[in-house]
There are 2 protein chains.
Amino acid sequence: MNEIRDRLIEAAVNLGESLGLNRTVCQIYAFLYLSDQPLSPTEIGKTLGMSKGNVSINLRILEQWNAVRKVWKKGYTRPLYVANEDIEEIVMSKLKSGLEKRLNYVKPLMNEIKKSRAGFVEKKFFDEKLEKIEKLISKIEFLLNNIETVKLLTK
Amino acid sequence: MNEIRDRLIEAAVNLGESLGLNRTVCQIYAFLYLSDQPLSPTEIGKTLGMSKGNVSINLRILEQWNAVRKVWKKGYTRPLYVANEDIEEIVMSKLKSGLEKRLNYVKPLMNEIKKSRAGFVEKKFFDEKLEKIEKLISKIEFLLNNIETVKLLTK
DNA sequence: TTCGTTGTTTAATATGTTTTAAACTATGTT
DNA sequence: AACATAGTTTAAAACATATTAAACAACGAA
C-alpha cells in the first residue's frame, strides 16, 4: 500500500522537475494530496525521511503558492496541513505570474528601443527583428490572457 | 547600438530562465538571432565574453534542439552558425517532448495501481484521488495534442 | 611539412541550490 | 516553574550545474 503511495510521490517529483520545482516541495505536496487527513510537519518529516528544517522551509513555500493550507484541530494551537486540490489552478497561476514578470521587463525595453532608433542606419534589418519579437510577445500575452479559456475547453 | 543589443540579449536570458535554460545558451541564441550574418564560434565567444569551450558545448546543445544550424561559406570547411528563427516551434517542441517523457512514466504506473487495487479496503478515498489524477493527466495530454491548434488561434 | 589558428573534449574550478544540523523560540505537560 | 516536545531560523555541508583552463585534434597558410 505504502509502496504505491511512494511511487506516486516519485512520479510527482518527476513531473515537478519539469516545472523547475525542487524534490522536497513535490514530495510534501504529493504526500499531503494523497493523505485522507491533515498532517503535522513532524509526521511529514518522519514519513518522507527529511529534516524538520527542510519540512518547515518547504511548507512555507507551498503556503505562499496557495498549494497547501493550515487547518486547526479544535483545542490545539499548532496547525496541521492539507493540500489544496486544484493543482491546475496552482500550476497555471504560477506559470502566469512568472511569465508576466519577465514580459514586464521586456516590454518597456522594446518601447525604448523603438523610440531611440527612429531614423537610423541598418534600420531595415533591425526593425524586422524587433517586429518579430513584438509579435512573439503579443502571442505569449494572448495565451496568458486566454489560459482561463483553454482551461474551460479542456474541462 | 551594441548596448541595445546587449539589453535585448539580457532580456532573452531573463525569459529563458523561466524555461530552465542556462545563461550561455540564451545569450548565444539571442546573439545569433540578432545578427544579420552567420557567425563563427570565435566571434561569439569574443563578443559575449565567454570561453571557447563554453561556446562549443552550448552551440552543440542549441543544434540538438534545432535552434541553430551550421552554414558553410564556400571555400571554407569550418561552419558558421545562424539562428533558426521560429522560436515558438523550438520552445513548443521542447515543452512537448519534456512533458511527454514524464507522462509516459506516470501512465503505466496508474494502470498498474488500478489493477493491483481491484477490491481493497480504503478503496473509496484512494480511488477518488486516482480518478482526479487521471483527469489531470488527460487534460495535460489534451493540451499537448492541441498545441498546434492553440498556435493557429494565436497567429 | 611546419606552424599558427580554430574547434572539441576533459578535468578542475567556480557558482548556485538544496538539505541538514544545531541553536533558538514557542507551545504543552507535569 | 521546569522539563519535554514541536517548529523556525540560519550557518554550514552536501550536491548539482555551469564555466573555464588546458590538453588535444583538425584545419589553413606559409
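This structure is a prediction, so every number in the text was calculated from the model and none was measured.
Within 6.0 Å of the CD atom in B:Glu100, the count of heavy atoms belonging to other residues, nucleotides or ligands exceeds 12.
The shortest distance between the side-chain N/O atoms of A:Ser56 and the OP1/OP2 oxygens of D:dT9 is not below 4.0 Å. For C:dG28, one of the phosphate oxygens OP1 or OP2 lies less than 4.0 angstrom from a side-chain nitrogen or oxygen of A:Thr77. For the OP1/OP2 pair of D:dT19 and a distance below 4.0 Å, the side-chain nitrogens and oxygens of B:Thr24 include at least one atom meeting the criterion.
Atom-to-atom, CG of A:Leu48 to C1' of C:dT19 comes out at 14 Å; the value is rounded to the nearest Å. Rounding to whole angstrom units, CG of residue B:Asn22 and C1' of C:dA14 are separated by 15 Å. Between B:Leu39 atom CG and C:dT6 atom C1' there is a gap of 15 Å when expressed in whole angstrom units. Remark: C1' of D:dG28 and CH2 of B:Trp72 are 17 Å apart, rounded to the nearest angstrom. If you measure from atom OH of A:Tyr76 to atom P of D:dA6, you get 11 Å, rounded to the nearest angstrom. Here C:dT8 presents its P atom at 13 Å from CD of B:Gln64, a figure rounded to the nearest Å. Counting to the nearest Å, the P atom of C:dT20 and the CZ atom of A:Arg23 are 11 Å from each other. Following rounding to the nearest Å, B:Tyr81 (OH) and C:dT6 (P) show an atom-to-atom distance of 15 Å.
Ion pair A:Arg23/A:Glu10 flagged as a salt bridge, since at least one NZ, NE, NH1 or NH2 atom sits closer than 4.0 Å to an Asp/Glu carboxylate oxygen. A salt bridge links B:Lys107 and B:Glu141; the closest N-O separation between the charged side-chain nitrogens and carboxylate oxygens is under 4.0 Å. Between B:Glu63 and B:Arg69 there is no salt bridge, since no side-chain nitrogen of the basic residue lies less than 4.0 Å from a carboxylate oxygen of the acidic one.
With hydrogens and angles left out, the side chain of B:Arg78 and the base of D:dA26 share a donor-acceptor pair within 3.5 Å.
Both B:Ile9 and B:Ile87 are part of a single hydrophobic cluster, where members link through side-chain heavy atoms under 4.5 Å apart.
Counting any heavy atom pair closer than 4.0 Å across all strands shown, A:Ser51 reaches a base atom. Nucleic acid contact for A:Thr42: sugar-phosphate only, since backbone atoms but no base atoms lie under 4.0 Å from a heavy atom of the residue.
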Each nucleotide N or O in nucleotides 11-16 of chain D that has a protein N or O under 3.5 Å away: list the pair and distance.
none

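Taking every side-chain heavy atom of A:Lys52 into account, C:dA23 is the closest of C:dG7, C:dT8, C:dA23. Comparing atom distances between the A:Asn54 side chain and each of D:dT9, C:dT6, C:dT19 picks out C:dT19 as nearest. Closest to the B:Arg60 side chain, of the nucleotides C:dT9, C:dG7, D:dG7, is C:dT9. Counting only heavy atoms from C-beta on, B:Met50 has its side chain closest to D:dT20 among D:dC27, C:dG7, D:dT20.
A donor-acceptor contact shorter than 3.5 Å is absent between the side chain of A:Ser35 and the backbone of A:Phe31. Between the A:Asn58 side chain and the A:Asn54 main chain, a donor and an acceptor come within less than 3.5 Å of each other. Judged purely by atom type and a 3.5 angstrom limit, B:Lys129 uses its side chain to pair as donor or acceptor with the backbone of A:Tyr33.
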Next on the checklist: Checking A:Trp65 against A:Leu21 for the side chain to side chain contact (heavy atoms under 4.5 Å, CB included) test, could you report, in this order, the C-alpha distance in whole Å, the side-chain angles of both residues, the deciding distance, and whether it holds?
Outcome noted: CA-CA 12 Å; A:Trp65 294 347; A:Leu21 308 181; 3.5 Å; yes

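Inspection of the B:Glu43 and B:Ser40 side chains reveals an N or O donor paired with an N or O acceptor under 3.5 Å.
Listed by residue number, the members of residues 8-21 of chain A with any heavy atom below 4.0 angstrom from DNA chain D form an empty set.
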